[in-house]
Chemist: 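Pasting in a structure now, in structure tokens, and then I'll have a few things to ask.
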Amino acid sequence: MIRLALALSLSLTTALPALALDRRVTIVNNTGYTIVRFFGSNTGSKSWEEDILGEDVLPSGSSVVINFDDATGYCMFDFRAEFEDGDVLERAGVNICEIATFTYE
């Protein structure tokens, strides 16, 4: 019983740092085109979920801070930016726990 409690205690202490990481990322648009929709889904998700920008857009030369903390503990996210001219840029496997800024150029 003591071994089980110790093992559980150790696993919780090693899991807590990942849960406590800052998942806010500044998305910068330096493309010359407005981002009209932006999606960020953890790599374990089967869909893009909702457009994070909602009714807003992200003009070129602008940035927005997005909190990607979805309570799953994931650090790896896939990004999808849709632009006013119809272009789409997808980037898989972005480690949001290790970066503070992601720039589209």
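Any value given below was found using the heavy atoms of this structure, including those in side chains, with hydrogens, waters and symmetry copies removed. All values reported here derive from a predicted model rather than from experimental measurement.
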Chemist: Just by modelled atom types, is the Gly32 backbone N or O under 3.5 Å from a matching donor or acceptor in the Ser60 side chain?
Modeler: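 Side chain of Ser60 to backbone of Gly32, a donor-acceptor pair under 3.5 Å: yes, one is there.
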Chemist: Check for a donor-acceptor pair, side chain of Arg23 on one end and backbone N or O of Ile66 on the other, with a separation under 3.5 Å.
Modeler: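 Not a single qualifying donor-acceptor pair exists.
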Chemist: Does atom OH (Tyr33) have a neighbourhood of more than 12 heavy atoms from anything else shown, all under 6.0 Å?
Modeler: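 Atom OH in Tyr33 is not crowded, with 12 or fewer foreign heavy atoms closer than 6.0 Å.
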Chemist: Got a second to check how far Glu50's CD is from Arg37's CZ, nearest 0.5 Å?
Modeler: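 Separation between the atoms: 14.0 Å.
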Chemist: Spell out, as yes or no, whether a donor-acceptor pair under 3.5 Å connects the side chain of Glu84 to the backbone of Thr34.
Modeler: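 Yes: the side chain of Glu84 pairs with the backbone of Thr34.
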Chemist: Step by step, would you call Phe83 with Val88 a side chain to side chain contact (heavy atoms under 4.5 Å, CB included)?
Modeler: CA-CA 6 Å; Phe83 295 86; Val88 174; over 6 Å; no
Chemist: Look at the rings of Phe38 and Phe68 and say which category their plane angle falls in: under 30° parallel, 30 to 60° tilted, over 60° perpendicular.
Modeler: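 Answer is perpendicular, since the angle exceeds 60°.
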Chemist: Rounded to the nearest 0.5 Å, what separates atom CG in Asp85 from atom CG in Asp87?
Modeler: 4.0 Å
Chemist: Verify the cluster assignment for Leu58 and Tyr104: are they in a single hydrophobic cluster under the rule of side-chain heavy atoms below 4.5 Å apart?
Modeler: yes
Chemist: Please name the residue in the list Thr103, Val64, Leu53, Ile52 that meets the side chain to side chain contact (heavy atoms under 4.5 Å, CB included) test with Ile27.
Modeler: Val64
Chemist: When rounded to the nearest 0.5 angstrom, what is the spacing between OG1 in Thr31 and CG in Leu89?
Modeler: 8.0 Å
Chemist: Should Asn29 and Ser62 be marked as a side chain to side chain contact (heavy atoms under 4.5 Å, CB included) after you check the CA-CA gap, both sets of side-chain angles, and the distance that decides it?
Modeler: CA-CA 6 Å; Asn29 180 7; Ser62 298; 5.7 Å; no
Chemist: Under 4.5 Å between side-chain heavy atoms, hopping through other hydrophobics if needed: is there a path connecting Phe39 to Val36?
Modeler: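 Each belongs to a different hydrophobic cluster.
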Chemist: Where is the tightest heavy-atom contact between Asn30 and Gly61, given as atom of each residue plus distance?
Modeler: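 What the structure gives for the nearest pair is OD1-CA, 4.0 Å.
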Chemist: Are Phe77 and Val28 linked, directly or through other ILVMFWY residues, by side chains that come within less than 4.5 angstrom of each other?
Modeler: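 Per the 4.5 Å side-chain linkage, Phe77 and Val28 are not co-clustered.
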Chemist: Which is it for Thr43 and Asp78 under the side chain to side chain contact (heavy atoms under 4.5 Å, CB included) test, yes or no, and what are the steps along the way?
Modeler: CA-CA 6 Å; Thr43 56; Asp78 301 331; 3.3 Å; yes
Chemist: Are Ile99 and Leu21 connected in a single hydrophobic cluster, I mean Ile/Leu/Val/Met/Phe/Trp/Tyr linked by side-chain heavy atoms less than 4.5 Å apart?
Modeler: no
Chemist: Please name the pair of heavy atoms, one in Tyr74 and one in Cys97, separated by the smallest distance, quoted to 0.1 Å.
Modeler: O-SG, 4.5 Å
